[in-house]
Amino acid sequence: MPAASLPVARVAVDVPLPHLDRLFDYLVPETMSADAVPGCRVRVRFSGRLVGGFLVERAAVTEHAGRLAFVERVVSAEPVLTSEIAGLARAVADRYGGTMADVLRLAVPPRHAATEANALGATAPDGTAPDGTAPDGTAPGPARAPEPEPEPGPWARYPAGPSFLAAVRDGRAPRAVWSALPGPDWPDEVAIAAAAAAAGGRGALIVVPDARDLDRVDAALTARLGRGRHVSLAAQLGPAERYRRWLAVLRGRVSVVAGTRSAMFAPVARLGLVVIWDDGDDLHAEPRAPYPHARDVLMLRAHRCGAAALLGGFARTAEGAHLVATGWARALAADRPTVRQHAPVVRPAGEDAELARDEAARTARMPGLALRTAHDALAVGPVLFQVPRRGYLAALACQHCGTRVRCVSCAGPVALAGPGQPPRCGWCGARAGPACASCGGTGLRALVTGARRTAEELGRAFPGIQVLTSSGASVLGTVPAGPAIVIATPGAEPLAPGGYAAAVLLDSWALLGRPSLRAAEEAVRRWMNAAALVRSGPAGGSVILMADPALAAVQALIRWDPATHAERELAERTELAFPPAVRMAALTGPADVIGEVLGSASLPAGAQVLGPVAVQPPGPAVQAGAQPADDTVRFLVRVPYPAGTALAVALRAALAERTARKEPGSVRLQLDPAELI
DNA sequence: AGCACGCCGACT
DNA sequence: GTCGGCGTGCTC
């Protein structure tokens, strides 16, 4: 018997098929009516078999002409899919040409039944079904004491800082692209912003790239808010603990949340502020379909719920510059004198052309200025060496003709794993022969030197000084304050209490020379993230950067001017008509299939198709000089920025029509992929 | 994707 | 006469 009141359940069914990406109506049996609340998990019969889904809303009538089936089971009355997240998931799916089911798999964690029953805030201990549990109202959360107004603290260093905080606290929706001053204060600044939202009775959501940044923000939140006022959602928590914390957020017991990428969908109640730190870090790009980026999702959330937004970092992305250029957000930065007061002194070394030509300088990779700076700094504190590659000798070239050594069987990069070890291919593991394929010479020289080899070299250059390395699997959190040489790969730099006395950024051309649209932006980001750990110039901190000072990226670091560099990057991409100036869809798959899809799709006006280009088949096992193993190609379609969602929706519809007809050949659709070249 | 219904060959 | 081939088509 259908429920007496609102008998229709509109269900988001968990099926992966794009042409079934819409809500389906079911009847709620009267016996389940109390449990079948909007947002709960259900099981329904769909085309004969049982599938999971979320009950999105209850309704009095259906639009469906045919007969409705009954909901098979209410899995739990916990309303895990809030209306905000349901709407967001729909918008993200549309934005990225994916399905709502795909997004919901990213947004709602798998149920942990025992945790759901045991967690604080659960219903009566007699085990009866929780009946109409009000998620707010008389929830047993901490009584709201009058919040002290947040002191601007380090935000006072930015002319617009105090007014941003006041607007957050007052329930408004300021949006800022924030150039953080170098130094250790950013986690505290983030925590103060979150506290301002909490003081205004709203929630805050903070997303950082990795677990180390999360630890720092977590500690700052504890210091600013006290214990029990926030949760951290990290991937490495077990499923039970993760679900327990997530439920505490869902049930409104805490409203300040910090986490890594997947926390971007956390159901924070009364969301008043979103924060993303270091949005250029590629960890913010979700690798699962439909490949949403945390920056996009958070800005979309802020927009949809009238929350404030803070997009911060030491460097600035072209996307950040675009948000400022379009007027969506304001730049939030300190004035020049304040920047100079906090930034280390940055000097280029190696005098560029000389370094590139002079064999000895290039082999040592360490001009006199770098060695002298390191030597002097070691008297007063630790010195950081940033090495772009881990390993030993990560790339080799012929000593005579300079040709890069490649594997004869698969053309992979040949490297030395350690001292006294033979050169081997990094892809297939084959040993490389002794003779150069191009000139027959037998000598080798380093093209890219890894962290291990650098540690060996520096240990010899500074006898008696402790050498620490932090890279790959063994990342150090902090290093002692005393003299030490710290060798780290980008992103793995440990904190030094009181700051490093100096930093030397090695092999800078390796970062700048990457064949990527974002190479310069990414180089500046990595350099600034390392340089921000160094003491300020007035406190004696200095950074040696081994690159050509004429390059704009190098100038950005020397002048500590991330905004100008980002604006320049944005101008370049505008000229090339690349994201973020436009929106771009990448279609990867068999050429004939993509051709049909593009032919049948009703693309928005102004769409421009680029391609095809042959794509390397997945995996490194490509024969040297051979044709690509199959006809996998990539097409790009670009449209003016406002037509981005129309493009995604049109391409998804064209792909859906194919899968509905069961035509063979799979095509991957990705919007604004991070790596375009 | 499953699982229907639907119209043409070899079997008890 | 029936059982069954898997070719379109729908899934509340």
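Keep in mind that this is a model prediction, so the values were computed, not measured.
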Next on the checklist: Check this for me: does any side-chain nitrogen of one of A/E569 and A/R518 sit under 4.0 Å from a carboxylate oxygen of the other?
Outcome noted: no
Checklist entry - Are the side chain of A/R58 and the backbone N or O of A/S5 linked by a donor-acceptor pair below 3.5 Å? => result yes
Item to check | Rounded interatomic separation in angstrom, taking CG from A/D14 and P from B/dG2 | outcome: 13 Å
Checklist entry - Which part of the nucleic acid, if any, lies within contact of A/R10, taking any heavy atom under 4.0 Å across all strands shown: a base, the sugar-phosphate backbone alone, or nothing? => result nothing
Next on the checklist: Check the orientation of A/H303 and A/W328. Use parallel for under 30°, tilted for 30 to 60°, and perpendicular for over 60°.
Outcome noted: parallel
Checklist outcome for this item: Residues of residues 16-26 of chain A with a heavy atom under 4.0 Å from any atom of DNA chain C, listed by number, are A/H19, A/L20, A/R22, A/F24, A/D25, A/Y26
Checklist entry - Quick one: do the A/S600 and A/E657 side chains pair a donor with an acceptor below 3.5 Å? => result no
Next on the checklist: Testing A/R652, A/H293, A/Q670 one by one against A/Y96 for a side chain to side chain contact (heavy atoms under 4.5 Å, CB included), which residue passes?
Outcome noted: A/H293
Next on the checklist: If you go through the side-chain atoms of A/K662, does one of them form a donor-acceptor pair with the base of B/dG2 closer than 3.5 Å?
Outcome noted: yes
Checklist entry - Can you list, by residue number, the residues of residues 46-61 of chain A that have a non-hydrogen atom closer than 4.0 angstrom to DNA chain C? => result A/F46, A/S47
Next on the checklist: We want to know whether A/D278 and A/H284 form a side-chain donor-acceptor pair, criterion being a heavy-atom distance below 3.5 angstrom.
Outcome noted: no
Item to check | Pair A/L603-A/V639, side chain to side chain contact (heavy atoms under 4.5 Å, CB included): steps then yes or no | outcome: CA-CA 9 Å; A/L603 298 176; A/V639 294; over 6 Å; no
Item to check | Between B/dA1 (C1') and A/L655 (CG): distance, integer Å | outcome: 16 Å
Checklist entry - Quick one: do the A/D279 and A/T317 side chains pair a donor with an acceptor below 3.5 Å? => result yes
Next on the checklist: Rounded to whole Å, please give me the gap between CD in A/E663 and C1' in C/dG7.
Outcome noted: 14 Å
Checklist entry - Rounded to the Å, how far apart are A/R67 CZ and C/dT11 P? => result 14 Å
